[in-house]
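First comes the structure, then the notes that go with it.
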Number of protein chains: 2
Amino acid sequence: MADRASELHTTVAKRLGRLDQRYTRNRRALVDVLRAAAGPLTIDDILGRDDDLALSSAYRNLAVLAEVGVVHRVSTGDDHTRYELAEMLTGHHHHHLVCDSCGSVSDFTLTEELEQVLQQALDRVAAGADFRTDHHRLDLVGTCDACR
Amino acid sequence: MADRASELHTTVAKRLGRLDQRYTRNRRALVDVLRAAAGPLTIDDILGRDDDLALSSAYRNLAVLAEVGVVHRVSTGDDHTRYELAEMLTGHHHHHLVCDSCGSVSDFTLTEELEQVLQQALDRVAAGADFRTDHHRLDLVGTCDACR
DNA sequence: ATTTATGCAAATCGTTTGCAAACCT
DNA sequence: AGGTTTGCAAACGATTTGCATAAAT
């Protein structure tokens with residue numbers, strides 16, 4: 001656990017360094033908060049989990065972390081953009097259950113097999129439209145357990 | 001074509017009436033603009049296609065139309081929410097190609113077969129999470145033909 | 001020592017809302 | 001007439017930015 005965390009920090013530091021960015025205490029704190037989360041978090045979620053984080057710096061650092069590919073922005077439809085660690089770092093391709101009622105978001109996965117079939121179909125679509133795909137996004141939108 | 005348009009207007013009128021809402025000229029104009037579009041439109045897109053539409057009324061009417069299930073909000077990640085006719089009205093289940101670079105959004109479809117396999121898998125996920133699904137959302141995010 | 005990050009306060013911008021006039025039935 | 005919709009202008013709220021200070025290398 002400590003091992004994984006320090007490995008993660010090493011990777012993040014490397015990625016930041018590649019773009020001449022420093023791995024400061026605040027940035028480390030953001031990564032720690034996101035790492036501990038069960039799904040993508042809003043800014044308020046994030047600030048609520050570490051009292052030392054300032055709003056504007058959090059936004060700025062999340063932007064930097066997103067730019068170097070460490071953090072991924074998640075737009076669900078309500079205001080409040082959410083943030084999660086990039087799949088490249090977690091090694092965990094996943095999707096989201098988005099609750100229309102309370103706005104909560106949690107993760108789920110499909111079988112590797114279905115994911116591959118899907119990927120092939122999407123590759124075909126992209127090729128046909130001369131579209132260069134960065135990633136796909138698959139969400140379920142509805143009402144969560146707590147809200148029904 | 002005129003037939004389809006008037007059929008559409010009839011359906012919309014019915015749905016509005018069900019919630020004691022009137023089908024005014026502005027609302028008709030919005031439906032016409034969305035009907036003619038090749039993908040979901042931003043407010044600016046919409047206002048640009050009909051000079052008589054006022055900003056605040058457009059927002060309000062889109063909200064009403066969304067509430068009665070005629071219009072669907074599409075959040076792509078940049079600011080600028082987009083709007084499209086609900087699939088229930090177009091009878092055309094589709095997905096989106098989202099360009100990270102210029103923000104454009106266009107539609108695509110999967111085969112009926114894959115769509116069904118996917119639906120089954122998603123139903124299983126939802127059942128396992130006690131999640132009541134309203135709809136799913138599958139997008140390709142990347143760079144469009146014009147931007148590459 | 002020099003460059004970069006921080007955090008407060010102010011600015012920005014998409015969207016929403018108050019309200020008086022115009023509209024529909 | 002009675003209630004709804006409209007559209008301007010003002011308000012709102014999430015996010016961004018200016019700037020002087022603190023931190024990192």
Side-chain angles (χ1 to χ4, degrees), chain A residues 9 12-33 40-68 70-84 102-103 105, chain B residues 9 12-33 40-48 50-68 70-84 102-105:
Chain A
H9 284 306
V12 173
K14 206 172 299 177
R15 292 199 157 230
L16 282 167
R18 214 175 287 161
L19 271 84
D20 291 317
Q21 295 283 354
R22 299 171 181 172
Y23 199 17
T24 62
R25 182 152 47 83
N26 281 336
R27 291 175 185 175
R28 227 174 274 268
L30 285 173
V31 170
D32 283 333
V33 168
L41 302 181
T42 63
I43 280 281
D44 286 338
D45 291 339
I46 293 170
L47 297 184
R49 289 168 198 217
D50 188 329
D51 290 339
D52 294 336
L53 292 173
L55 183 108
S56 66
S57 301
Y59 273 118
R60 267 193 279 237
N61 285 324
L62 287 167
V64 169
L65 291 168
E67 193 168 3
V68 302
V70 165
V71 158
H72 189 239
R73 288 177 142 84
V74 179
S75 308
T76 57
D78 60 354
D79 304 325
H80 301 92
T81 302
R82 287 167 180 271
Y83 301 87
E84 65 185 7
C102 69
V105 180
Chain B
H9 284 307
V12 173
K14 206 172 298 175
R15 292 200 159 230
L16 282 166
R18 212 175 290 162
L19 271 84
D20 290 318
Q21 296 282 354
R22 299 173 183 171
Y23 199 17
T24 63
R25 181 151 48 84
N26 281 337
R27 290 174 186 173
R28 227 174 274 267
L30 286 173
V31 169
D32 283 332
V33 168
L41 301 181
T42 63
I43 280 281
D44 287 338
D45 291 339
I46 293 170
L47 298 184
D50 188 329
D51 290 339
D52 295 335
L53 292 172
L55 184 112
S56 66
S57 301
Y59 274 117
R60 267 193 279 236
N61 285 324
L62 287 167
V64 170
L65 291 168
E67 195 169 2
V68 302
V70 165
V71 159
H72 188 238
R73 288 178 143 84
V74 179
S75 308
T76 57
D78 61 352
D79 304 325
H80 302 94
T81 303
R82 287 168 180 270
Y83 302 86
E84 65 185 7
C102 68
S104 70
V105 180

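Chain identifiers are assigned alphabetically (A, B, ...) following the order of the sequence lines, protein sequences preceding nucleic acid strands; residue numbering begins at 1 within each chain.
To the nearest angstrom, P of C:dC8 lies 11 Å from CG of A:Leu47. One atom, CG of A:Leu16, and another, P of D:dA24, lie 15 Å apart when rounded to the nearest Å. Rounded to a whole Å, the CG atom of B:Leu53 is 14 Å from the C1' atom of D:dT5. A straight line from CZ of A:Arg28 to C1' of D:dA24 spans 12 Å, rounded to a whole angstrom. One can place CG of B:Leu62 at 13 Å from P of D:dG7, the figure rounded to the nearest angstrom. We find that CG of A:Asp52 is positioned 11 Å from P of C:dC8, with the value rounded to whole Å. Between the CG atom of B:Leu19 and the P atom of D:dT5 there is a distance of 12 Å, given to the nearest Å.
Between B:Pro40 and B:Val74, the shortest heavy-atom distance links the atoms CB-CG2, 4.0 Å. Counting all heavy atoms, side chain and backbone alike, A:Leu65 lies closest to A:Arg27 at CD1-O, 4.3 Å.
Two residues are said to be in side-chain contact when any heavy atoms from C-beta on lie closer than 4.5 Å; A:Val71 and A:Tyr83 meet this criterion.
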Worksheet entry | Worked check of side-chain contact (heavy atoms from CB on, under 4.5 Å) between B:Arg82 and B:Asp45 | CA-CA 9 Å; B:Arg82 287 168 180 270; B:Asp45 291 339; 3.8 Å; yes

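Heavy atoms of other residues, nucleotides or ligands lying less than 6.0 angstrom from CZ of B:Arg18 number more than 12.
By the side-chain hydrogen bond (donor to acceptor under 3.5 Å, both in side chains) test, B:Asp78 is found to be paired with B:Thr76, residues two or more places apart in sequence or in another chain being considered. By the ring pair (Phe, Tyr, Trp, His ring centres under 6.0 Å) test, A:His9 is found to be paired with A:Tyr23, residues two or more places apart in sequence or in another chain being considered. Among residues two or more places apart in sequence or in another chain, the side-chain contact (heavy atoms from CB on, under 4.5 Å) test is passed with A:Asn26 by A:Thr24, A:Leu53, A:Asn61.
Between A:Arg49 and A:Asp32, no side-chain nitrogen of the basic residue sits less than 4.0 Å from a carboxylate oxygen of the acidic one, so the salt-bridge criterion is not met.
When the C1' atoms of four end pairs are superposed on the next four at each end of the helix from C:dA1-D:dT25 to C:dT25-D:dA1, using five pairs per end, the two resulting axes differ in direction by 30°, to 10°.
One finds the CZ atom of B:Arg28 at 13.0 Å from the CZ atom of B:Arg22 (value rounded to the nearest 0.5 Å). Taking CD from B:Glu84 and CZ from B:Arg73, the interatomic distance works out to 12.5 Å, rounded to the nearest 0.5 Å.
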Using atom names, set out every protein N or O paired with an N or O of nucleotides 1-5 of chain C below 3.5 Å, distance rounded to 0.1 Å.
from: C:dT3; atom 1: O2; to: A:Arg22; atom 2: NH2; distance (Å): 3.3
from: C:dT4; atom 1: O4'; to: A:Arg22; atom 2: NH1; distance (Å): 3.3
from: C:dT4; atom 1: O4'; to: A:Arg22; atom 2: NH2; distance (Å): 3.2
from: C:dA5; atom 1: OP1; to: A:Gln21; atom 2: OE1; distance (Å): 2.9
from: C:dA5; atom 1: OP1; to: A:Arg27; atom 2: NH1; distance (Å): 3.1
from: C:dA5; atom 1: OP1; to: A:Arg27; atom 2: NH2; distance (Å): 3.1

Mind listing the N/O atom pairs, protein and nucleotides 8-16 of chain D, below 3.5 Å?
from: D:dC8; atom 1: N4; to: B:Ser56; atom 2: OG; distance (Å): 3.1
from: D:dA14; atom 1: OP1; to: A:His80; atom 2: NE2; distance (Å): 3.3
from: D:dT15; atom 1: OP1; to: A:Thr81; atom 2: N; distance (Å): 3.0
from: D:dT15; atom 1: OP1; to: A:Thr81; atom 2: OG1; distance (Å): 3.0
from: D:dT15; atom 1: OP2; to: A:Tyr59; atom 2: OH; distance (Å): 2.3
from: D:dT15; atom 1: O5'; to: A:Tyr59; atom 2: OH; distance (Å): 3.0

